[in-house]
Amino acid sequence: MAAKPKKAPVDVEKLTKAQAKVELMRLALEIEEHNNRYYQDDAPKISDAAYDALRQRSNAVEARFPELVTKESPSQKVGAAPSGRFAKVQHAIPMLSLGNAFTDQDVVDFVERVQRFLKLGADEIPTIVAEPKIDGLSLSLRYENGELVRGATRGDGTTGEDVTANVRTLSDIPHKLKGRNVPAVCEVRGEVYMLKSDFLALNKRQAEAEDTIFANPRNSAAGSLRQKDPSITASRPLKFFAYAWGEMSAMPAPTQFEMIEWIDKAGFVTNPLTTRCKNVEAILKFYREIETKRATLGYDIDGVVYKVDRLDWQQRLGFVSRNPRWAIAHKFAAEQATTVLNDIEIQVGRTGALTPVAKLAPVTVGGVVVQNATLHNEDYIKAIGNDGQPIRDGVDIRIGDTVVVQRAGDVIPQIVSVVLDKRPRNAKPYEFPHRCPACGSHAVREADPKTGREDSVRRCTNTLACPAQAKERLKHFVARNAFDIDGLGDKQIEEFFTDGLVMSPVDIFTLEKRDARATKKLADREGYGATSVRNLFAAIEARRKIALARFIFALGIRHVGEGNAKLLARHYGAVENFRAAMIAAGEGPLAEAYLDLNSIEGIGAVVANAIVEFFAEPHSVKAVDDLLDEIEVQPAEKAKADSPIAGKTVVFTGSLEKFTRDEAKATAERLGAKAAGSVSKKTDYVVAGPGAGSKLAEAQKLGVQVLTEDEWLALVNGL
Ligand code: IVH
């Protein structure tokens with residue numbers, strides 16, 4: 001059947017105001033959907049040209065009806081919405097891939113192939129450089145006269161994406177090459193990656209902010225590098241290993257190994273495990289050493305790469321299709337194993353989310369015994385993905401199933417597939433509980449405030465009295481980024497909560513007083529002694545004074561992660577102001593306090609509503625007040641009212657090179673200025689970095705003062 005022809009859109013010039021309003025909303029939704037497909041899923045549905053046309057139409061409608069421009073408009077969004085996508089970059093020398101070896105024999109064959117091709121004698125064995133194969137994404141960095149001029153992703157190998165502004169934020173990447181005799185053109189290539197520990201910490205922060213969770217360090221590195229807003233990349237802990245090169249106007253060394261030494265001296269980080277091997281035995285020994293070290297390296301690798309050392313030989317060997325004849329990747333066995341799913345346990349989180357966890361018959365995956373695996377949510381068990389599309393070919397997961405388990409990116413075990421042939425006859429589809437296993441209250445799937453779709457997460461509705469939520473909130477309260485009390489971690493909270501010693505945050509601060517009167521003392525508990533109890537009380541004492549941002553974060557309000565807590569602290573200054581304003585904001589969406597909360601740059605309606613909801617609950621306010629009777633919350637650094645930019649509105653645009661966008665905004669706010677996302681008549685300054693586009697043009701049109709990064713720095717220097 002032929003596709004239904006689409007109605008031609010009404011000419012912008014002919015739209016009535018009412019039509020324009022609807023059209024802008026439609027365009028905003030469509031643009032948002034394509035942004036998500038492109039940035040989050042890496043799977044665009046339309047061409048770049050079609051995408052640009054949507055944005056142009058939206059801009060044209062807004063130009064006719066400027067009064068219809070809202071904060072939600074694609075033209076106003078800071079960061080997420082691009083003014084065009086990444087520019088394309090032609091690689092001067094293609095970025096190729098490597099052939100694979102899986103067995104020792106494949107490696108023997110590789111070395112023999114090299115010998116045959118070069119017509120070497122049987123005892124003339126080529127020296128091979130061996131190094132770990134980093135599981136990240138490859139990047140090419142071009143330096144002209146020693147200066148970094150471009151960073152590009154691999155793309156399809158011939159054409160990559162220009163990510164220059166983003167790569168400049170990586171501390172492993174020099175902006176200027178060191179040493180004398182640097183060739184006029186140098187392209188250094190390597191892998192962008194994320195440490196496993198950094199990946200886990202980032203995911204934790206993302207979860208707290210209810211933001212995208214990455215499946216593994218590789219995805220997380222890729223997602224972080226390919227951000228349209230370089231300040232987001234800057235806030236992500238990305239690292240870089242240099243291991244190859246592209247165009248070079250002169251070669252500084254005659255061998256692979258010496259080239260890597262040169263690259264290292266030029267200011268890059270190269271992999272310290274890189275080793276010269278004299279024969280196949282040495283190569284295979286290296287492979288096994290790396291395989292045993294793999295789990296302790298701190299970053300993911302998926303094999304070892306072998307490269308012929310002599311560059312003149314690399315030259316002669318050349319390429320077969322897209323792989324060099326002079327190099328090969330020796331892959332590690334996939335970290336997968338098959339086991340039986342014995343049960344599905346439901347855990348209840350701090351915000352009431354019911355998370356299913358697979359209880360597996362213990363199995364070794366890549367050298368580690370796995371007994372639990374994440375099942376994410378109800379839909380995941382039913383084989384429905386985030387986008388509503390089937391996953392695992394639509395095969396659901398049932399208790400009793402034989403499943404294939406994988407350690408994703410070496411860290412979190414996941415179930416990748418179900419072995420249907422082995423499904424027990426009586427296995428029934430899993431029925432996700434509709435009641436909270438901890439308190440028996442209804443557990444519901446709300447509408448996601450961002451998308452309007454049914455949320456994939458089912459939540460216990462008994463926010464206040466559910467013991468599981470209360471316990472998780474306490475764990476959050478004492479966590480490292482919150483009250484950070486030495487000697488009071490998850491384990492102690494579990495015990496104290498179960499025994500009724502600590503049921504709400506204030507109980508932590510009355511523990512010592514109550515213990516003095518108690519018949520069964522803490523010091524008599526198993527695993528405790530006089531010293532550990534004294535230390536614990538001292539640690540609690542030390543936290544009676546706490547910074548406002550930490551305090552707000554510790555409350556565990558939904559959507560209020562560390563970043564939002566800082567914004568709130570800086571805006572309200574003192575805890576009394578914050579408390580009073582949040583209660584006042586509950587009077588309604590038109591209340592001045594609510595509008596003020598919503599006006600904070602970075603705090604949107606979803607976050608604002610979550611805070612208001614928290615303070616609308618007398619029980620929460622009482623918990624806060626009880627706590628405030630025991631502790632002293634220190635005011636946040638107030639914005640300086642006497643600075644020359646106090647009360648001014650500043651817009652930062654372009655790819656900032658001298659500071660990150662977050663830094664700049666923080667400075668502006670500290671000095672009492674407002675950092676805004678869009679240029680209007682009310683804007684006092686526009687600070688424009690390289691590549692500034694529409695906002696700069698707008699500023700010039702409106703006669704707003706434009707500053708370079710240096711001028712901005714001069715203005716705020718020393719304040
Ligand atoms: S050399 C001409 N060395 O593996 C080949 N690649 O399958 C140049 N990779 O796209 C690549 N670690 O992203 C090389 N030590 C290493 C590597 C490495 C990871 C990646 C790289 C490349 C892919 C090839």
Side-chain angles (χ1 to χ4, degrees), residues 42 89 91-102 106-107 110 114 128-141 151-161 163 167 172-173 187-195 216-222 225-226 238-248 255-257 259-261 263-264 268-277 283 286-287 289-291 293-294 297-311 313-332 334 409-410:
D42 269 6
V89 175
H91 295 299
I93 294 181
M95 293 181 77
L96 300 162
S97 55
L98 295 167
N100 289 326
F102 296 100
D106 290 344
V107 179
F110 162 70
V114 168
I128 298 288
V129 174
E131 64 201 55
K133 184 167 189 297
I134 318 298
D135 198 6
L137 68 150
S138 47
L139 182 71
S140 186
L141 301 161
T153 63
R154 177 166 116 158
D156 63 4
T158 317
T159 314
E161 285 175 321
V163 287
V167 303
D172 284 350
I173 294 179
E187 279 183 11
V188 174
R189 293 176 175 179
E191 203 85 352
V192 176
Y193 67 100
M194 203 179 272
L195 290 177
N216 53 47
R218 203 202 79 81
N219 279 2
S220 157
L225 184 71
R226 296 181 69 260
L238 289 174
K239 301 183 76 75
F240 181 76
F241 274 131
Y243 54 65
W245 56 92
E247 187 181 350
M248 298 288 288
T255 62
Q256 175 77 30
F257 196 82
M259 273 301 285
I260 298 304
E261 286 179 332
I263 288 175
D264 196 279
F268 288 93
V269 183
T270 58
N271 194 294
L273 299 166
T274 308
T275 302
R276 259 179 172 149
C277 300
I283 295 175
F286 179 84
Y287 177 82
E289 274 170 18
I290 299 294
E291 200 173 24
K293 275 197 196 139
R294 183 179 184 187
L297 285 181
Y299 47 88
D300 278 341
I301 60 172
D302 55 352
V304 167
V305 182
Y306 308 132
K307 299 170 184 171
V308 169
D309 195 25
R310 274 177 61 167
L311 299 185
W313 284 359
Q314 286 191 6
Q315 192 73 33
R316 277 173 57 196
L317 283 154
F319 297 84
V320 234
S321 71
R322 303 180 60 77
N323 300 335
R325 255 192 220 96
W326 47 265
I328 199 162
H330 191 179
K331 300 296 267 289
F332 292 134
D410 234 349

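Both counts, for ligands and for their atoms, begin at 1 and track the order of listing. One is the number of the first residue; the rest follow in order along the sequence.
- The ring of Tyr287 has its center closer than 6.0 angstrom to the ring center of Phe332.
- The proximity of Arg189 to ligand 1, defined as any non-hydrogen pair under 4.0 Å, does not occur for either the backbone or the side chain.
- Of all protein heavy atoms, the one closest to atom 15 (N) of ligand 1 is Glu131 OE2, 2.7 Å.
- You'll find the side chain of Tyr243 reaches within 4.5 Å of the side chain of Lys307, heavy atoms only.
- Salt bridge Glu191/Lys239: absent, no basic N to carboxylate O contact under 4.0 Å.
- Tyr243 OH, 3.4 Å is the protein heavy atom nearest to atom 9 (N) of ligand 1.
- In terms of protein heavy-atom proximity, atom 3 (N) of ligand 1 is nearest to Lys307 NZ, 3.0 Å.
- Annotation: side chain of Leu137 is in contact with side chain of Leu225 (closest heavy-atom distance under 4.5 Å).
- Contact check for Tyr193 versus Phe240: no side-chain heavy atoms found under the 4.5 Å cut-off.
- The protein non-hydrogen atom at the shortest distance from atom 22 (C) of ligand 1 is Arg154 NH1, 4.0 Å.
- Under 3.5 Å, the side chains of Arg276 and Thr255 contain a donor-acceptor pair of N or O atoms.
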ring-ring contact (aromatic ring centres under 6.0 Å, His included) between Phe241 and Phe268, worked out: CA-CA 7 Å; Phe241 274 131; Phe268 288 93; over 10 Å; no

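- For atom 13 (O) of ligand 1, the nearest non-hydrogen atom from the set Met95, Glu191, Lys331 belongs to Glu191.
- Residue, atom and distance of the protein heavy atom nearest to atom 5 (C) of ligand 1 are Leu98 CD2, 3.6 Å.
- At least one heavy atom of Pro132 lies less than 4.0 angstrom from ligand 1.
- For Pro324, the heavy-atom gap to ligand 1 drops under 4.0 angstrom.
- Polar contact with ligand 1: absent for Ser97 (N/O pair, distance under 3.5 Å).
- Here the protein heavy atom with the shortest distance to atom 23 (C) of ligand 1 is Lys133 NZ, 4.0 Å.
- The side chain to side chain contact (heavy atoms under 4.5 Å, CB included) with Arg189 is formed by just one residue from the set Leu141, Ile263, Ile93; it is Ile93.
- The closest non-hydrogen atom to atom 12 (N) of ligand 1, taken over Val305, Ile134, Val129, comes from Ile134.
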